[in-house]
Participant: 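First the structure, then my questions, so here it is.
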There are 2 protein chains.
Amino acid sequence: MHSLNNLIIEFYDKLSSWELSVVKDTGYSLAQVHTIEVLGSHGPMRMKELADRLGITTGTLTVQVEKLVQLGLIVRTPHEVDRRSILVELTSEGTALHKHHNRMHLQLTEDITRHLDPESIKVLTQSFEKMNREF
Amino acid sequence: MHSLNNLIIEFYDKLSSWELSVVKDTGYSLAQVHTIEVLGSHGPMRMKELADRLGITTGTLTVQVEKLVQLGLIVRTPHEVDRRSILVELTSEGTALHKHHNRMHLQLTEDITRHLDPESIKVLTQSFEKMNREF
DNA sequence: TCCAAATAACTTGATAATCAAACTAATAAA
DNA sequence: TTTATTAGTTTGATTATCAAGTTATTTGGA
């Protein structure tokens with residue numbers, strides 16, 4: 001258990017470094033790409049929910065979103081029922097950035113699992129499913 | 001492979017959120033705890049190496065380190081052979097913070113793996129070893 | 001129904017984190 | 001021994017962040 005713990009920490013650390021270098025290549029900031037990631041994988045959402053997912057306040061997010069709108073990556077649309085809220089969603093350019101980032105991730109996954117046999121991949125997948133459920 | 005990729009991304013995302021909330025409880029910033037983490041798990045090191053591991057410039061690190069020294073978490077000692085360099089290392093208080101954070105991690109690992117059978121744990125551990133080697 | 005409380009987003013003012021570039025001191029290489 | 005490189009710091013500017021206050025809207029009692 002102790003060694004597994006250390007391996008997870010090391011895995012997380014290496015993934016963070018990889019993410020940082022990949023993001024730097026895009027020319028956007030880590031916070032910006034992270035925002036695009038969340039919108040890309042979960043779809044349009046309100047400011048409040050987005051802020052919660054990103055772990056920042058709505059005040060901070062207002063500024064971030066303003067910049068991403070100017071960059072043409074996202075758009076703000078009024079919420080259909082709740083007029084206090086606005087929905088944030090990706091533009092086609094934002095979607096393209098998300099897809100590009102996703103391809104990078106997929107390539108990484110292929111790279112780091114290339115020495116795993118099919119049975120291990122299967123167990124690994126099931127284990128991740130179970131672990132993700134426990135957070 | 002595609003689903004495993006998504007599971008890894010989700011795992012990373014949840015781990016990030018967990019880390020953020022755990023760090024917030026300590027009263028220190030994410031950057032500060034991260035610095036302590038690196039020093040705690042790899043031992044004393046030069047500014048340059050520490051900056052590289054953290055993914056920041058030495059200019060930024062100089063400011064960070066100064067604050068951590070004032071907080072009593074780390075100390076600067078001259079490098080024995082290279083007089084351009086200084087070694088950064090944890091104080092006993094810094095070590096205590098690292099140990100505390102490590103215990104949190106261990107607890108998390110125990111929590112998220114509690115529904116995995118011994119054989120899966122074994123395969124999972126071996127898989128992480130192989131994946132970490134490929135980064 | 002109507003008003004108080006809660007919620008969503010934004011704004012403002014302050015602080016922390018970051019970088020690039022310039023600088024100093026020391027080492028390495030020619 | 002010069003010259004080039006490296007380590008760390010400083011400076012000036014920019015970005016990210018928060019807490020607190022503001023406005024508009026919704027919700028939940030009385």
Side-chain angles (χ1 to χ4, degrees), chain A residues 16-17 19-39 42 44-71 73-89, chain B residues 16-17 19-39 42-89:
Chain A
S16 295
S17 297
E19 184 81 10
L20 195 66
S21 73
V22 164
V23 165
K24 268 182 181 156
D25 292 340
T26 67
Y28 298 107
S29 76
L30 195 56
Q32 288 173 338
V33 174
H34 193 190
T35 302
I36 299 301
E37 284 314 285
V38 171
L39 289 174
H42 293 95
M45 64 182 72
R46 290 176 299 121
M47 292 287 288
K48 184 61 169 62
E49 184 182 355
L50 184 53
D52 287 346
R53 283 189 190 274
L54 293 171
I56 59 178
T57 63
T58 56
T60 300
L61 185 59
T62 295
V63 182
Q64 294 274 12
V65 161
E66 183 53 35
K67 208 163 296 170
L68 288 170
V69 167
Q70 281 172 11
L71 288 168
L73 296 177
I74 64 177
V75 286
R76 277 182 274 217
T77 60
H79 192 287
E80 297 187 356
V81 271
D82 190 341
R83 284 191 297 172
R84 291 170 304 180
S85 299
I86 63 171
L87 281 180
V88 184
E89 60 184 319
Chain B
S16 295
S17 297
E19 184 81 10
L20 195 64
S21 74
V22 164
V23 164
K24 268 182 181 158
D25 292 340
T26 67
Y28 297 109
S29 74
L30 195 58
Q32 287 173 338
V33 173
H34 194 191
T35 303
I36 299 303
E37 284 313 285
V38 171
L39 289 173
H42 294 96
M45 65 182 72
R46 291 176 298 119
M47 292 287 287
K48 185 61 170 61
E49 184 181 356
L50 184 53
D52 287 346
R53 283 188 190 274
L54 294 171
I56 58 179
T57 63
T58 56
T60 300
L61 185 58
T62 295
V63 180
Q64 294 276 11
V65 161
E66 182 53 35
K67 207 163 297 171
L68 288 170
V69 166
Q70 280 172 10
L71 288 169
L73 296 176
I74 62 176
V75 286
R76 278 182 273 217
T77 60
H79 193 287
E80 296 187 356
V81 271
D82 189 342
R83 283 192 297 170
R84 292 170 303 179
S85 298
I86 64 170
L87 280 180
V88 183
E89 60 184 319

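Protein chains get the first letters and strands the later ones, always in sequence-line order, with residue 1 at the start of each. Bear in mind the structure is a predicted one, so any value in this text is a computation, not a measurement.
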Participant: Need to verify one output field. Residue with the more 5' nearest nucleotide on DNA chain D, T57(A) or E49(B)?
Facilitator: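 The 5'-side residue here is E49(B).
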
Participant: Rounded off to whole Å, could you give me the OH-to-C1' distance for the Y28(A) and dC19(C) pair?
Facilitator: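 Rounded to the whole Å, the gap is 20 Å.
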
Participant: Considering only nitrogen or oxygen atoms on both sides, find all protein atoms under 3.5 Å from nucleotides 23-29 of chain C and state each distance.
Facilitator:
residue: dT27(C); atom: OP1; partner: R83(B); partner atom: N; Å: 3.1

Participant: Is S85(A) touching bases, backbone alone, or none of the nucleic acid, heavy atoms closer than 4.0 Å?
Facilitator: sugar-phosphate

Participant: Looking at every heavy atom in both R46(A) and L87(A), which two are closest together, and how far apart are they?
Facilitator: N-CD2, 3.7 Å

Participant: What is the minimum heavy-atom distance between G55(A) and K24(B), and which atoms define it?
Facilitator: O-NZ, 3.8 Å

Participant: Toward the 5' end of DNA chain C, which comes first, Q64(B) or R76(A), by nearest nucleotide?
Facilitator: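 Nearest nucleotide further toward 5': that of R76(A).
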
Participant: At 4.0 Å (heavy atoms only), tell me whether L61(A) reaches a base, stays on the sugar-phosphate, or touches nothing.
Facilitator: nothing

Participant: With a 4.5 Å limit on heavy-atom distance, are the side chains of Q32(B) and L71(B) in contact?
Facilitator: yes

Participant: Looking only at side-chain N and O atoms, does T60(B) come under 4.0 Å of OP1 or OP2 in dA17(C)?
Facilitator: no

Participant: Could you state the atom-to-atom distance from CD1 of I86(A) to C1' of dT7(C) in whole Å?
Facilitator: 15 Å

Participant: Which heavy atom of L61(B) sits nearest to which heavy atom of A51(B), and what is that distance?
Facilitator: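 Heavy atoms only, the tightest pair is CD2-N, 3.5 Å.
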
Participant: First and last nucleotide of DNA chain D touching chain A, 5' to 3', heavy-atom cut-off 4.0 Å?
Facilitator: dA16(D) to dT26(D)

Participant: Is there a side-chain contact between L39(B) and E89(B) in this structure, where contact means two heavy atoms from C-beta onward sitting under 4.5 Å apart?
Facilitator: no

